[in-house]
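Step one of this worksheet: look at the structure below.
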Amino acid sequence: MTETLQPVRAGEAKPVGGARGRLDLIRWSDFSLVPVILVLMVIGYIVSPVFLTSDNLINVVQQSSELSLLVLGQALILIAGRMDLSLESTIGIAPVIAMWLVLPTEGGRFAGLEWFPVWTAVPICLLVGALIGTFNGFMMLKLHVNGFIATLGMLTMLRGLQIGITEGKSITGVPESFRYLGKADWMGIPASVWICLALFAVGGAALAWLRHGRSLYAIGGNPEAARAAGIRVDRITWIVLAVGGVLAALAGILYTGHYGSVAANQGNGWIFQVFAAAVIGGISLKGGRGTLFGALTGVLTLQLVVNVMTLGGVPQLWNQFLNGAIIIVALIISRFASGEKQD
Amino acid sequence: MLTEQVADLSKAELVEAMTGEGKGGASSWHAVSARATGRTAGETVLRTEQLALDGEFDPIDLAVRSGEVVGLAGATASGNTALGEVLVGMRSPTSGGVSVAGRAVRTGSVPHALDAGIGYIPEDRHRQGLVPGRSVAENATLTVADQLGPWGTVLPSRTREFAGSMIASLDIKTRGPEQPVSGLSGGNQQKVVVARALARDPRVLVALRPTAGVDIKSKDALLGVVRRVADEGSAAVIVSDELDDLRVCDRVLVLFHGRVVASYDSGWSDRELVAAMEGVGESPAAGQDGQASTAGNSGTLGNREQTS
């Protein structure tokens, strides 16, 4: 079979047609939300002159940044055919544990343990995220617990742990090193936005051009076929779950820095928006399908809708209802736009 | 077009009528014709030593030489499928070992089996063979992802090139390497699975029911590929209960309830093979080399009795 391994010689290569071949490579469905975003911006402009100011737009992307990191993690996990509901609690508990371990035992409103120097707060926070993801992986891959119910349990348990440690209060007096990323501006745009864009770019490149990144699609699409092809399915799934936890912890750092304290309900109720953004953005809940670019447009769409509604003077009390309604409508539209069932 | 009573047609004529092509050596993969060329089998490539999986098959010593296609025949639950899956690392044996060209292979690990040169054509392409939503190119190169670029990268250009050569070599009917594999016909899907198995240039090809659910023309092509792999100096193992699959084999071992109950060289009759697979009939006369292969009593090929 040696001759099958020879690359096609230049002369023999079928004239696929360079330009058309390349056009086929771009999957237009990934861009299906771009017109929606444009329409939203036009509506926003009509509704309020404030909308198109740079302050407002930067505000929108900054608010998107924390959510989008969760969506990034969730998208990777969904592509690999799993789900992790506990991300919304990781964004709260990881900073809390980091603060708990580094803050002084007395003096502040929140008494820490002071086990580690203050500069370790960021690494500890990320490590906690990785450990939570790893534990989720342990339950799903080694104990073979159903991922939905296992991570739902983790969601509740970690939220409870946060309330227990903080006694239900916010943690103020967050060290400067921990706040920097969330409040710094780089070149006039919040650092958190740059970080998000960079991570989405890295993730997208990994999925497209790295062997292990590409294997996520195979794992999510058909894990048995991936295993039969020599892909280390469990190991890679496990790593992806840990990466998801790290991304959620990083989102926690950005959020904490942005608002200056660790809020007691940090991330509470976000998981619905995370899933909605991912699904609207074309990530399949069944695994093996979707791109990170699509997921990013999903986040932006959701945030723009909220922003336009706020500017349009929709009463606060109706926000939750409208949020849910918009997501339902968007899901129905994207279901028919993509032509795929989402059962 | 041909209008005639099917019963009046020979199989070859029927195939010709269905596929619209001349016979063109459609049966060139038959073991007998290969044997007639006077080719002799080479050194042992795949060897198992006391390989066993509790509840599936008893300890078995198997030796497959280069240039040889060995069939593992057996009905459902005979243990032949489990044996095939252990050989390729999909399942872990309870005892015993597998070696390729004299070097032991870590059992129960597909990546190690692949590295050792064991290619795998799974039984059910929908379950283990293909990732339906992904492209032909990606499916065909899943096993060689480590060879498609430096530092763990997978370069699209090299993937397309590799897939293109596979499509040409196996004559896969597709609109192009980018087409989702779910859009292909059954036979062409199976060819993609074969391409995936051959991509690493295996020294041993293990095929489980390689022609299940494919049209008759693809069947000939697929079995021809297996024959070609062996003729080019590799070895092949076919696990199947389809007589057509087994006709390509130089040697057929019949498993029944996890034990080798019979062994044939090419030239067996359908009746005796089916009888052996069903576990009925006398212990059939062994292959033409006169080797005794009745239950639990054989030289290098069969099982050894185990006290259990």
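Here the structure is a predicted model, which means the values were calculated and not measured. Side chains are part of it too, since the values below use all heavy atoms of this structure and drop only hydrogens, waters and symmetry mates. The sequence lines fix the lettering, A, B, ..., with proteins before strands; numbering per chain opens at 1.
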Under 4.5 Å from any heavy atom of chain A, what part of [X] do you find: side chain, backbone, both or neither?
{"X": "B/S135", "result": "neither"}
{"X": "B/T141", "result": "both"}
{"X": "B/E85", "result": "neither"}
{"X": "B/D146", "result": "both"}
{"X": "B/L142", "result": "both"}
{"X": "B/H126", "result": "backbone"}

Under a 3.5 Å distance rule, please check whether A/N222 uses its side chain to pair with a backbone N or O of B/P132 as donor and acceptor.
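Not confirmed, A/N222 side chain does not pair with B/P132 backbone.
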
Please give me the minimum heavy-atom distance between [X] and [Y], naming the atom from each residue.
{"X": "B/L114", "Y": "A/G230", "value": "CD1-CA, 3.6 Å"}
{"X": "A/E224", "Y": "B/R127", "value": "CB-O, 3.2 Å"}
{"X": "A/A228", "Y": "B/R196", "value": "CB-NH2, 3.5 Å"}

So what's closer than 4.5 Å to chain B heavy atoms on A/A206: side chain, backbone, both or neither?
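No part of it gets close to chain B.
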
Can you check whether B/Q128 reaches A/R227 side chain to side chain, under 4.5 Å on heavy atoms?
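Not touching, per the 4.5 Å side-chain cut-off.
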
Would you mind reporting whether B/T153 and A/R211 have side-chain heavy atoms less than 4.5 Å apart?
no

Ranked by heavy-atom pairs below 4.5 Å to chain A, first place among B/V154, B/V110, B/L130 goes to B/V154

